[in-house]
Undergrad: 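After the structure tokens below, expect a handful of questions from me.
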Amino acid sequence: GRGKVAGSYRMDQGLCHHIGFSSHASTNWIRRLIDSDRFDFMCVHYYFTDQSNKIAIQDAQSHDMGVSVISPNKMGGNLFDPSDKLTELCNPLHPMEFNTAFLLLNPAIHNLSLGVKHPGELEMHKNIVETLSDQSDLVYLISQRLINHIEDIMGKGWFGQLHNGIPAWEDVPGGIGDYFNQVSER
């Protein structure tokens, strides 16, 4: 597409060295972009609470692409202002610390686009990154605690199935998918 031509020109001119994309699209669309082998990195949504892009992140890793996660504090559950229950379940970590460690312990994820509400929150992330290699067991225990709590309320096997049965946006009746398929072919 035009982006590849413009990107190649800029690379040929020495104006940039890597081309990436940022997407809020469905996992299927993100995977199509990855499989095109036109990009060096991607910025996508992925959090403990919504792992629907997990396969896309695995695909990106197999294509040797960099992965940045968009807004893990806000979109990962409004972790700036966690509920008392979430804080209790993530103890001894703050929910933001847990989510940061959960993400960065995945070797396919290279960067987080963090927003912080208060300056001290940046220090929280810095501390987790500095001790990341020591967090693996704790993150696993907290993950299991969260999944067990969710399944106690919603039923076994519910966690990770949030999107099952809901069509991807491009498959929603009404022509939205047809429109975007036409645009993407240009």
Side-chain angles (χ1 to χ4, degrees), residues 18 20-27 29-31 33-34 39-61 65-164 166 168-169:
H18 303 283
F21 68 88
S22 180
S23 182
H24 294 262
S26 70
T27 303
W29 275 67
I30 293 169
R31 293 180 79 196
L33 290 170
I34 293 166
F39 302 99
D40 301 304
F41 65 92
M42 68 178 190
C43 303
V44 296
H45 288 282
Y46 179 75
Y47 325 103
F48 179 79
T49 56
D50 182 359
Q51 298 177 33
S52 56
N53 280 329
K54 184 176 189 172
I55 193 162
I57 289 172
Q58 291 168 340
D59 287 353
Q61 185 178 31
M65 290 176 62
V67 175
S68 179
V69 173
I70 304 167
S71 304
N73 292 333
K74 177 67 176 167
M75 302 307 292
N78 199 25
L79 302 179
F80 302 114
D81 298 308
S83 69
D84 291 340
K85 187 57 154 180
L86 183 59
T87 301
E88 174 190 327
L89 290 167
C90 290
N91 190 38
L93 298 179
H94 184 281
M96 282 195 297
E97 291 174 311
F98 164 72
N99 201 42
T100 295
F102 168 79
L103 294 169
L104 292 179
L105 282 167
N106 182 337
I109 297 173
H110 304 100
N111 186 50
L112 306 180
S113 172
L114 297 172
V116 294
K117 198 170 183 181
H118 306 287
E121 292 171 355
L122 192 55
E123 201 60 32
M124 245 193 270
H125 293 291
K126 181 179 174 243
N127 292 340
I128 281 296
V129 169
E130 289 173 351
T131 62
L132 192 60
S133 61
D134 301 329
Q135 302 297 332
S136 184
D137 290 341
L138 182 57
V139 167
Y140 176 78
L141 290 172
I142 293 171
S143 296
Q144 291 307 303
R145 193 182 307 149
L146 289 165
I147 291 168
N148 290 340
H149 180 73
I150 291 166
E151 290 184 343
D152 284 349
I153 295 168
M154 302 301 293
K156 282 276 186 227
W158 187 88
F159 186 79
Q161 306 299 316
L162 179 63
H163 298 287
N164 285 2
I166 299 173
W169 64 267

Undergrad: First locate atom CD of E88, then atom CZ of R145, and finally report the distance between them rounded to the nearest 0.5 Å.
TA: 8.5 Å
Undergrad: Shortest non-hydrogen contact from I57 to A108?
TA: CG2-CB, 3.6 Å
Undergrad: If you take all heavy atoms of M42 and A56, which pair is closest and at what distance?
TA: CE-O, 3.7 Å
Undergrad: Taking CZ in F80 as the centre, count heavy atoms belonging to other residues, nucleotides or ligands within less than 6.0 Å. Is the count above 12?
TA: yes
Undergrad: Might you point out which heavy atoms bring P72 and L112 nearest each other, and give the distance in Å?
TA: CG-CB, 4.3 Å
Undergrad: How about F41 and N111: do any of their side-chain heavy atoms sit closer than 4.5 Å?
TA: no
Undergrad: Hey, what do you get for OH (Y47) to OG1 (T100), rounding to the nearest 0.5 Å?
TA: 12.0 Å
Undergrad: At their closest point, which heavy atom of P92 faces which heavy atom of L138, and how far apart are they?
TA: CD-CD1, 3.8 Å
Undergrad: Side chains of Q58 and I55, heavy atoms from C-beta outward: is any pair under 4.5 Å?
TA: yes
Undergrad: Tell me, do Q61 and V67 make a side-chain contact under 4.5 Å, heavy atoms counted?
TA: no
Undergrad: For G76 and T49, which heavy atoms make the closest approach, and how far apart are they?
TA: O-OG1, 3.2 Å
Undergrad: Around atom CG of D152, are there more than 12 heavy atoms of other residues, nucleotides or ligands at under 6.0 Å?
TA: yes
Undergrad: Tell me, with the steps shown, if F48 and S143 meet side-chain contact (heavy atoms from CB on, under 4.5 Å).
TA: CA-CA 8 Å; F48 179 79; S143 296; 3.7 Å; yes
Undergrad: Between the side chain of T27 and the main-chain N/O of S52, is any donor-acceptor distance below 3.5 Å?
TA: yes
Undergrad: Assess whether atom CG of D137 is packed by more than 12 heavy atoms of other residues, nucleotides or ligands within 6.0 Å.
TA: no
Undergrad: Just so I know, are the side chains of I34 and F21 near enough to count as touching, which here means a heavy-atom distance under 4.5 Å?
TA: yes
Undergrad: Would you give the length of the straight line joining atom CD of Q135 to atom CG of L141, rounded to the nearest 0.5 angstrom?
TA: 11.5 Å
Undergrad: Among L79, V139, V69, find the residue that satisfies the side chain to side chain contact (heavy atoms under 4.5 Å, CB included) test when tested with N99.
TA: L79
Undergrad: Supply the atom-to-atom distance L33 CG to S23 OG, rounded to the nearest 0.5 angstrom.
TA: 6.5 Å
Undergrad: Would you say the side-chain atoms of H94 pair up with the backbone N or O of M96, donor to acceptor, closer than 3.5 Å?
TA: yes
Undergrad: Can you tell me how far NE2 of H24 sits from OG of S71, rounded to the nearest 0.5 angstrom?
TA: 7.5 Å
Undergrad: Of all heavy-atom pairs between E97 and M124, which one has the smallest distance, and what is that distance?
TA: OE2-CG, 3.6 Å
Undergrad: Is any side-chain heavy atom of H125 closer than 4.5 Å to one of N73?
TA: yes
Undergrad: Show your reasoning for whether side-chain contact (heavy atoms from CB on, under 4.5 Å) applies to I109 and L104.
TA: CA-CA 6 Å; I109 297 173; L104 292 179; 4.3 Å; yes
Undergrad: May I ask you to test the L93-I128 pair for a side-chain heavy-atom distance under 4.5 Å?
TA: yes
Undergrad: Less than 4.5 Å apart, any side-chain heavy atom of L86 and any of L146?
TA: yes
Undergrad: Using a 4.5 Å cut-off on heavy atoms from C-beta on, say whether the side chain of D50 contacts that of H45.
TA: no
Undergrad: Measure the spacing between CG of L89 and CD1 of I147 and express it to the nearest 0.5 Å.
TA: 11.5 Å
Undergrad: For the side chain of N148 and the backbone of Q144, is there at least one donor-acceptor N/O pair under 3.5 Å apart?
TA: yes
